[in-house]
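Residue numbers start from 1 in every chain, and the chains themselves are labelled A, B, ... in the order their sequence lines are given, proteins ahead of strands. Just so it is clear, the values below take in all heavy atoms, side chains as well, and ignore hydrogens, waters and symmetry mates.
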2 protein chains.
Amino acid sequence: MFSIGEFSKVTGLTVKTLRFYHEQGVLTPSVVDQQTGYRYYAQSNVETACVIRQLRSLDFSLADIRQILSSYDDEADILEYLERRKEAVQEKLRECREIGSSLDQIIAKEKEARAAMKNATFEVEEKSVGAMLIAGVRMKGRYGDCGQGFAQIGKQFGRNICGKAFLLHYDNEYKEDDADFEACIPVRSSVEKGGIEKSGVSVRELSGGRCVALLHKGPYDELGRSYAKIMAYAKEQGFNIETPTREVYIKGPGMIFKGNPKKHLTEIQMLIKE
Amino acid sequence: MFSIGEFSKVTGLTVKTLRFYHEQGVLTPSVVDQQTGYRYYAQSNVETACVIRQLRSLDFSLADIRQILSSYDDEADILEYLERRKEAVQEKLRECREIGSSLDQIIAKEKEARAAMKNATFEVEEKSVGAMLIAGVRMKGRYGDCGQGFAQIGKQFGRNICGKAFLLHYDNEYKEDDADFEACIPVRSSVEKGGIEKSGVSVRELSGGRCVALLHKGPYDELGRSYAKIMAYAKEQGFNIETPTREVYIKGPGMIFKGNPKKHLTEIQMLIKE
DNA sequence: ATACGGCCTCCAGCAGGGGGAGAGTCAATC
DNA sequence: GATTGACTCTCCCCCTGCTGGAGGCCGTAT
């Protein structure tokens, strides 16, 4: 016979836990002194305690454990319980993986943005951009509506997105309400090319080349200043600019927050006709 | 302005949850009627609610969310939170995987035993067993102490175990207290062979061959009957039996329960000298 | 006698809500 | 103006698997 303290040391379960198990009818001490209420545990209780520990380590609920203990004494008999438990664990695993990959995505995105910020000079640069496969939705109207286009692409290509969203501007002048633009996102090469689908999304190769580029920090409605700056540079250098021009959203509204517009980062890219 | 019911439909959070969030200071309605206590939510609350949904879907605690909302409005600022969360998720993932693999092991073991039961004739068979790499601990004394040997091997080779535990009997006669036997478990071929280590475990190849075998169902102390049966058969057939003989524990005490001895399955294998 | 440690019961609290009782409110209709 | 029916309010209990603490009894060593 063990007192509850001794039994606690033997089984590794805390005294509190033992009292709780008693109350729950999971592990009843073999003797309870009627006078004092003291609990005394026998050897056979040690075995039960071990079984309970095992089952708890497999994360069975106390209700399940109570049932299992009351009816069975062999693993063969609880196969159903084990398999139910396994399915639940699989499910949990799936959830965790999902959360993990979401977190990874968000973190990766933020880190890229941070790196871009660090290397940023906010001066016009000349560089070259590679060709890439993109999915795009051509739209006419207000720039503010581009979100619908991106949502459309996101819905359709979800996992196959492999780069930052950008906008192609087909207008040669600034238009407020009747702009002609295309919301685009680079996609993996495993996606099939094709004409414009019913959904309005076209998948095609976008060619690269030399370009002038300028990183813009701040809200979108201040992009004008950066456009002026880059256009002035291009004129000064005698570059002939191709249409459409690009606006790459390095850091825009996030997946969690709408984001602080002052921290938005956008790169304007203008390909040079050679 | 939305009433709590309307806001619930807009945000997809239940009324109960909204009240709870209010109480917790996570999402405070922009107007609370002093007279009636009615909560009214503004547009800005919708955005906050979305953020909360996102963060909850990443399984952030309400305490974290409250802090995040009170201090930040951009994902860049909560990178630390995200990374802490990610680590916690990784940890959870590890736990789940551990539990899952334990469950798999137990289930697989039980299913094998069940299959063995189904095909069992409980008659002496002739068959052949393959060679295998084993880890063994030679012991002298009582059979009942073999558990220590198995525990030793289990501790040392854990993940590399690839078959059922068995005992090699080096005695030609039955001995109670001073038996000479070896607790063995097959291990993966990736394990290095070697002499007897300090721990007493020896890793070596055990050769196979033709044998007579008999499945025994029931407690170990009734093995004698099955031994008698198989020996009689061997004598009848004029087989010359090799020492040591083997006792393979198809189903013994389990990982959870000590198990019901009446359901134990043990195969006696005796190699034939040719 | 007294001090100390072990044990008892009962209550509260964690997280993130769900369920329900009983009472007050709102808006529309009769 | 009154009534109805749909909403909403607060308050309390419940879930899981314990943990912590208060206040009081028990046993023994000194």
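OP1 or OP2 of C:dG18 has at least one side-chain nitrogen or oxygen of B:Thr14 nearer than 4.0 Å. Side-chain nitrogen and oxygen atoms of A:Tyr40 include none within less than 4.0 Å of the OP1 or OP2 phosphate oxygen of C:dC7. Distances shorter than 4.0 Å separate some side-chain N or O of B:Thr17 from OP1 or OP2 on C:dG18. Note on B:Tyr21: a side-chain N or O is less than 4.0 Å away from OP1 or OP2 of C:dG17. Here B:Arg39 does not reach the OP1 or OP2 of D:dT8: none of its side-chain N or O atoms lies under 4.0 Å away. OP1 and OP2 of C:dA15 both lie 4.0 Å or more from every side-chain N or O belonging to B:Arg56. Contact between the side-chain N/O atoms of B:Ser3 and the OP1/OP2 oxygens of C:dC26 is not found at any separation under 4.0 Å.
No hydrogens or angles considered: a donor-acceptor pair under 3.5 Å links the side chains of A:Tyr81 and A:Gln67.
In this structure, NZ in B:Lys111 is found 6.5 Å from CG in A:Leu79, a value given to the nearest 0.5 Å.
Under a 4.0 Å N-O distance rule, the pair B:Glu222/B:Lys217 does not qualify as a salt bridge. Ion pairing of A:Glu83 with A:Lys86 is absent here, as no side-chain N (NZ or NE/NH1/NH2) approaches a carboxylate O to less than 4.0 Å. Ion pairing between a basic and an acidic side chain is recognised when a charged N comes within 4.0 Å of a carboxylate O; A:Glu112 and A:Lys164 show such pairing. Classification of B:Arg94 and B:Glu91 as a salt-bridged pair holds, one side-chain N sitting under 4.0 Å from a carboxylate O.
B:Phe150 places a side-chain heavy atom less than 4.5 Å from the side chain of B:Leu167.
Counting atom types as modelled, B:Lys16 pairs no side-chain N or O with a base atom of C:dG16 as donor and acceptor under 3.5 Å.
Comparing A:Asp59 and B:Gly37 along DNA chain D, the residue whose closest nucleotide (by nearest heavy atom) sits nearer the 5' end is B:Gly37. Between B:Phe20 and A:Gly5, the residue anchored nearer the 5' end of DNA chain C, judged by the nucleotide with its closest heavy atom, is A:Gly5.
Axis angle between the ends of the helix from C:dA1-D:dT30 to C:dC30-D:dG1, five pairs each and rounded to 10 degrees, works out to 50°.
Counting any heavy atom pair closer than 4.0 Å across all strands shown, B:Arg19 reaches a base atom.
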